[in-house]
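Counting starts at 1 for both ligands and their atoms, following the listed order.
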Amino acid sequence: MAIDLALPSPLQAIEHPLLLQKQVNVWVKRDDLIHPIISGNKWRKLSANLKACKNQGATQIVSFGGAFSNHIHALAFAGQQLGLQTVGVIRGEPEYANNFTLSWARHWGMQLKFVDRNTYRLREQAEFLQQLQQQFPNARIIPEGGSNTLALNGVGEIISELKRQTDFDFLLCPVGSGGTIAGLINAADKQHKVFGISVLKQDGYLEKQIQKLLGDATISSQWQLFNQYHCGGYGKFKDIDLQQMLEIQNALNIPLEPMYSGKLFIAFFDMLKRDCFPKGSDIVLLHTGGLQGLGGMAQRRLIKEEQWHIPAFPKTG
Ligand SMILES: *Cc1c(COP(=O)(O)O)cnc(C)c1O
């Protein structure tokens with residue numbers, strides 16, 4: 001069975017007084033619209049991995065994530081649709097099994113295996129992975145967030161689509177594990193500047209991760225990470241940040257969430273105010289999806305349900 005995806009994802013021009021004042025043209029690449037359930041960049045990263053699974057005859061996929069992970073949510077649904085069993089190794093307590101994200105993952109047939117923080121830290125170590133492979137011999141193991149070298153090709157398709165949709169000078173995206181931006185850097189041309197907004201506090205770690213994912217690929221694009229827009233760290237944000245995200249969401253009429261796209265849009269408007277983009281620039285902001293995360297944030301009362309666009313998913317099977 002194939003999954004019905006809306007590709008290429010739409011490129012939407014946005015309007016805002018500040019864009020007129022600074023004389024820049026801005027579009028949002030709406031990867032949040034690729035599919036109502038599968039989150040944008042998580043699908044891009046999974047697509048090549050899922051194909052490889054099928055080609056290798058693997059019947060099962062094991063991967064890792066936190067209790068509210070967009071990757072786990074997308075993987076569970078994709079696995080069900082493609083007839084692959086899925087196992088999620090989840091950081092945290094079994095109580096999380098009933099939260100918004102993991103209830104849906106279970107609904108789509110994912111088996112959950114909860115591990116404590118110390119065990120979860122081993123997720124990239126060879127010995128731990130070997131044990132896991134023995135436990136699930138027919139499985140292919142995909143790293144947290146789906147960020148491996150195969151994922152770069154899937155993400156690179158964003159650039160191929162964009163080149164058919166518009167010319168652009170700058171492409172901005174949020175950065176968590178670095179897989180998405182690495183795929184963009186890898187596929188972009190020398191006239192493209194790829195700017196990553198780190199959603200976590202970091203000091204050089206992500207640059208190294210990105211280099212590692214790129215390996216010895218020949219890079220013609222220019223890229224840079226911006227580290228001052230994490231709003232307090234991974235998964236964190238303050239009331240004042242939420243207010244600003246809501247203002248932007250409502251002004252542009254584009255649904256946002258506070259972990260990734262909210263931080264990206266705050267960063268973009270701040271950089272615009274600081275004249276980071278020359279007059280006449282063509283700028284694309286990549287909306288990486290992740291709106292399912294809003295469900296868990298509302299359950300934890302981190303956000304007010306009525307202010308955000310929390311997706312409702314159809315029951316399947
Ligand atoms: C995972 C995720 C990111 C970060 O992508 P990386 O490839 O981990 O850097 C950005 N946006 C959303 C919505 C995500 O779910």
Interatomic distance, CD1@I61 vs CD1@I141, rounded to 0.5 Å, equals 11.5 Å
Who's the nearest protein heavy-atom neighbour of atom 2 (C) of ligand 1, and how far? K42 NZ, 2.3 Å
Heavy atoms from other residues, nucleotides or ligands near CG of N253 exceed 12 (cutoff 6.0 Å): no
Among all protein heavy atoms, pick the one closest to atom 11 (N) of ligand 1 and tell me residue, atom and distance. T288 OG1, 2.6 Å
All heavy atoms of R91 vs all of G66, minimum pair found to be NH2-CA, 3.7 Å
Short N/O distance, under 3.5 Å, between K45 and ligand 1? yes
Looking at N250, I want to see if its CG is surrounded by more than 12 non-hydrogen atoms of other residues, nucleotides or ligands under 6.0 Å. yes
Protein residue, atom and distance nearest to atom 10 (C) of ligand 1, heavy-atom basis: Y260 CD2, 3.2 Å
Give yes if a backbone or side-chain nitrogen or oxygen of G178 is under 3.5 Å from a nitrogen or oxygen of ligand 1, and no if not. yes
Tell me if a side-chain donor or acceptor on Q224 pairs with a main-chain N or O of F195 at a distance below 3.5 Å. no
What heavy-atom pair brings I3 and W43 nearest, and what distance separates the two atoms? CD1-CZ3, 3.9 Å
G179, G289, G65: member with heavy atom nearest to atom 13 (C) of ligand 1: G289
Protein residue, atom and distance nearest to atom 4 (C) of ligand 1, heavy-atom basis: G176 N, 3.5 Å
Looking only at protein heavy atoms, which one is nearest to atom 8 (O) of ligand 1, and how far off is it? S177 OG, 2.6 Å
Nearest protein heavy atom to atom 5 (O) of ligand 1, by residue and atom, and its distance? N41 ND2, 3.0 Å
